[in-house]
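Only one structure is covered here, and it is reproduced in the block below.
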Amino acid sequence: PLARLADHFVERWSFAPAAGGGWRVTRSFELHPRSRLGSLALRLIAPWLRRAVAQHLATLAARAG
């Protein structure tokens, strides 16, 4: 379904040493809409995507620690 709204997504992961050991992980997305309607829809979806990504990173951190 998102293929109708977005041309493509760019996902980036960055890793940096964290104070006290371990790693600080940052994950981001660039959403490239196909149209103005797609742009509006992606703006509405973006907060849920941010929450899902944050929850996924928290799950990974819990499993690692």
Side-chain angles (χ1 to χ4, degrees):
L2 287 178
R4 292 184 180 139
L5 301 175
D7 184 278
H8 65 281
F9 297 87
V10 177
E11 180 179 7
R12 288 190 178 88
W13 291 70
S14 66
F15 301 87
W23 294 91
R24 181 174 192 273
V25 179
T26 305
R27 187 174 172 196
S28 64
F29 290 87
E30 288 180 21
L31 311 174
H32 296 270
R34 289 187 176 273
S35 64
R36 288 183 190 209
L37 179 61
S39 178
L40 177 61
L42 291 174
R43 286 176 197 230
L44 293 171
I45 292 169
W48 285 291
L49 180 59
R50 271 189 220 102
R51 277 186 245 146
V53 167
Q55 186 176 29
H56 181 243
L57 286 174
T59 301
L60 292 175
R63 288 182 185 169

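Remember, it's a predicted structure, so these values are computed and weren't measured experimentally.
In this structure Ala41 satisfies the side-chain contact (heavy atoms from CB on, under 4.5 Å) test together with Leu5, sequence neighbours excluded. For the side-chain contact (heavy atoms from CB on, under 4.5 Å) test, residues two or more places apart in sequence or in another chain that qualify with Ser35 are Leu37. Every side-chain contact (heavy atoms from CB on, under 4.5 Å) that Arg51 has, sequence neighbours left out, goes to Pro47, Trp48. With sequence neighbours left out, Thr59 forms a side-chain hydrogen bond (donor to acceptor under 3.5 Å, both in side chains) with no residue at all. Considering only residues two or more places apart in sequence or on other chains, Glu30 meets the side-chain hydrogen bond (donor to acceptor under 3.5 Å, both in side chains) condition with Arg12, His32.
Contact record, Ser39 with Pro33: N-CB, 3.4 Å, taken as the closest heavy-atom pair.
Residue pairs meeting the salt bridge (charged side-chain N to carboxylate O under 4.0 Å, His left out) criterion with at least one partner in residues 19-29, sequence neighbours excluded, are Glu11-Arg27.
Distance check: Leu42 CG to Leu2 CG gives 7.0 Å after rounding to the nearest 0.5 Å. A distance of 10.5 Å separates NE2 of His8 from CZ of Arg34, quoted to the nearest 0.5 Å.
Residues Leu31 and Ile45 have side chains not in contact (no heavy-atom distance under 4.5 Å, counting atoms from C-beta outward).
Under the 4.5 Å side-chain contact rule for hydrophobic residues, Val53 and Phe15 share a cluster.
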I'd like to know whether Leu60 forms a side chain to side chain contact (heavy atoms under 4.5 Å, CB included) with Val25, so could you lay out the CA-CA distance, the side-chain angles of the two residues, the decisive distance to 0.1 Å, and finally the verdict. CA-CA 10 Å; Leu60 292 175; Val25 179; over 6 Å; no
